[in-house]
Trainee: 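First, the structure itself, so that you have it in front of you.
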Number of protein chains: 2
Amino acid sequence: MSSSVQPKRVRKNPEARRAEIVATAARIALAEGLECITMRRVAEELDVRPGLISHYFPVAEELVAEAFGTAAGGELADLLPDADAALPAVRRLARFLERTEGPRYDELSRLWLNARHLSRFRPALRERVDRQEALWRDALTALLRDGVEAGEFRAPDPHVTAIQLLVVLDGLGAHANTERTGRPAAVTGMAHALAERELGLPAGTLGTPHRPHHR
Amino acid sequence: MSSSVQPKRVRKNPEARRAEIVATAARIALAEGLECITMRRVAEELDVRPGLISHYFPVAEELVAEAFGTAAGGELADLLPDADAALPAVRRLARFLERTEGPRYDELSRLWLNARHLSRFRPALRERVDRQEALWRDALTALLRDGVEAGEFRAPDPHVTAIQLLVVLDGLGAHANTERTGRPAAVTGMAHALAERELGLPAGTLGTPHRPHHR
DNA sequence: CACGCTATTGGATGTGCGACCAATAGACAA
DNA sequence: TTGTCTATTGGTCGCACATCCAATAGCGTG
């Protein structure tokens with residue numbers, strides 16, 4: 001039984017180790033929350049001594065900020081993949097909206113909620129939140145512009161519509177830690193409704209929102 | 001100079017002391033955040049030894065939950081005063097919306113954000129958040145029902161409209177810790193627009209939303 | 001194979017926290 | 001005034017954390 005303890009130290013090159021650390025921290029952030037990103041916790045996850053994390057990130061807050069950026073950035077890339085650029089905007093938007101429901105997106109809602117709150121006390125994180133917010137806004141704006149150019153729908157001001165959509169998603173996601181059973185469909189579908197209304201699309205074009213947990 | 005130290009102990013009756021503690025904690029929650037509610041911090045504020053807070057609230061989380069309930073409840077009473085019950089619903093709603101802007105409400109937005117996130121880890125707080133949420137929803141629903149009964153506007157389902165309104169307010173408030181200068185009026189006014197649209201009121205009936213920070 | 005660079009360790013230090021408890025001293029009744 | 005009840009004190013304890021640093025040992029180079 002020598003598997004539990006392994007005084008064998010593995011030596012990696014700095015970039016790889018650093019990337020590994022950030023990836024681990026990002027995973028913790030999504031699954032358990034940003035305040036669970038601790039030197040000890042990350043070190044344990046990587047089977048390494050805490051001092052090592054401290055070596056790569058002398059100030060803990062910096063790791064938290066980096067982890068959030070990685071997690072949120074990765075999720076955006078997942079929600080609006082560049083690979084889909086050739087698809088019709090309506091279809092991409094429908095997919096996006098579809099994914100903003102269900103337990104998968106709950107994790108992300110929780111992360112945003114977490115980051116938005118914690119950024120009150122952590123300037124470095126706050127800066128990252130602002131940056132990610134801009135990225136999400138711009139990605140959605142670009143999608144809408146594509147649709148307008150392709151004549152799929154009209155939008156007087158895609159930038160504004162994008163923000164409005166994100167505001168509604170934030171509002172819906174704000175309750176990710178709360179009881180939400182029995183939410184009326186007219187609430188669950190607010191994002192769909194807003195998009196269809198603002199873009200002048202017939203109701204249902206973007207797909208129907210999932211029914212909330214029935215009964 | 002004996003003003004700095006005062007080994008004089010003041011003895012109050014339990015209910016008064018307890019109320020005093022909760023009020024102090026609620027103030028801290030609004031101004032600095034729920035995580036700043038600590039035995040030591042509250043004690044210092046009241047010029048009392050930490051052990052005393054511990055005596056009234058053997059478990060710290062309980063005080064945090066209580067403080068949130070008091071703060072949120074108080075703000076609701078402020079936003080939708082019972083004293084206004086005689087006024088037309090349209091007017092009460094306009095006032096409510098007007099107050100959901102400006103730095104005053106920012107403090108409250110931050111509190112809700114704070115509580116929604118923290119409730120992920122603290123069951124007692126979570127329970128309070130749920131309760132306050134129900135109170136806010138019901139108060140707003142009652143207001144809408146009043147308006148319908150009085151024939152001021154129509155609303156097929158006041159309950160749903162109330163939730164939708166709160167979702168939008170949550171979405172707008174989610175950025176209370178973030179940069180928000182330069183927000184377009186079409187975003188700032190989302191709550192007004194939603195209410196007027198859902199209630200079939202002419203645009204502008206509920207007052208115009210504040211312009212965001214100019215320039 | 002031996003050497004030097006540096007990634008990694010192991011430990012120490014200090015802080016702030018909740019929780020716990022015996023001793024103390026106000027306030028009120030007798 | 002005296003006595004009793006209990007609100008309040010003044011500590012202690014253990015825990016988790018970030019931060020810092022000298023010593024160590026992997027690994028590539030020569």
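When reading the values below, keep in mind they use all heavy atoms of this one structure, side chains included, and skip hydrogens, waters and symmetry mates. By convention in this document, chain letters (A, B, ...) are assigned in the order of the sequence lines, proteins followed by strands, and residues within each chain are numbered from 1.
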Trainee: Tell me: CD of Glu35(A) to C1' of dC17(D), nearest whole Å?
Mentor: 14 Å
Trainee: What is the distance, rounded to the nearest whole Å, between atom CD of Glu15(A) and atom P of dT6(C)?
Mentor: 13 Å
Trainee: Any idea which heavy atoms bring Leu34(B) and Phe68(B) closest together, and the distance?
Mentor: CD2-CB, 4.2 Å
Trainee: Which part of the nucleic acid, if any, lies within reach of Ser54(A) when heavy atoms closer than 4.0 Å are counted: base, sugar-phosphate only, or nothing?
Mentor: base
Trainee: Check this for me: does any side-chain nitrogen of one of Arg99(B) and Asp78(B) sit under 4.0 Å from a carboxylate oxygen of the other?
Mentor: no
Trainee: Classify Tyr56(A) by what it touches in the nucleic acid, base, sugar-phosphate, or nothing, heavy-atom distance under 4.0 Å.
Mentor: sugar-phosphate
Trainee: Would you call Glu133(B)-Arg116(B) a salt bridge at under 4.0 Å N-O?
Mentor: yes
Trainee: Tell me the interatomic distance from Met39(B), atom CE, to dT15(C), atom P, rounded to whole angstroms.
Mentor: 22 Å
Trainee: Regarding dT9(D), can its base be found pairing with the side chain of Arg49(B) as donor and acceptor, where the two atoms are less than 3.5 Å apart?
Mentor: no
Trainee: Hey, is the side chain of Arg40(A) pairing donor to acceptor with the base of dA18(D) inside 3.5 Å?
Mentor: yes
Trainee: Taking only the side-chain nitrogens and oxygens of Arg17(A), find out if one of them lies under 4.0 Å from OP1 or OP2 of dT8(C).
Mentor: yes
Trainee: Which of these nucleotides, dA7(D), dT9(D), dT8(C), is closest to any side-chain atom of His55(A)?
Mentor: dT8(C)
Trainee: Can you tell me how far P of dA7(C) sits from NZ of Lys8(A), to the nearest Å?
Mentor: 21 Å
Trainee: Would you say Thr38(A) reaches dA18(D)'s phosphate, i.e. side-chain N/O to OP1/OP2 under 4.0 Å?
Mentor: yes
Trainee: To the nearest Å, how far apart are Leu63(A) CG and dT19(D) P?
Mentor: 11 Å
Trainee: May I ask you to decide whether Arg131(A) forms a salt bridge with Glu127(A), counting only side-chain N to carboxylate O separations under 4.0 Å?
Mentor: yes
Trainee: Taking the side chain of Pro14(B) as heavy atoms from C-beta outward, which of dA18(D), dA25(D), dA7(D) is closest to it?
Mentor: dA7(D)
Trainee: Tell me what Pro50(A) touches on the nucleic acid: a base, only sugar-phosphate, or nothing, going by heavy atoms under 4.0 Å.
Mentor: nothing
Trainee: Nearest-nucleotide wise, let me know which of Arg11(A) and Phe57(A) is further upstream toward the 5' end of DNA chain D.
Mentor: Phe57(A)
Trainee: Tell me the interatomic distance from Lys12(A), atom NZ, to dT9(C), atom P, rounded to whole angstroms.
Mentor: 11 Å
Trainee: Using 4.0 Å as the upper bound for N to carboxylate O, is an ion pair formed by Arg27(B) and Glu32(B)?
Mentor: no
Trainee: Rounded off to whole Å, could you give me the CD1-to-P distance for the Ile28(B) and dC17(C) pair?
Mentor: 11 Å
Trainee: Could you state the atom-to-atom distance from CD1 of Ile53(A) to C1' of dT9(C) in whole Å?
Mentor: 12 Å
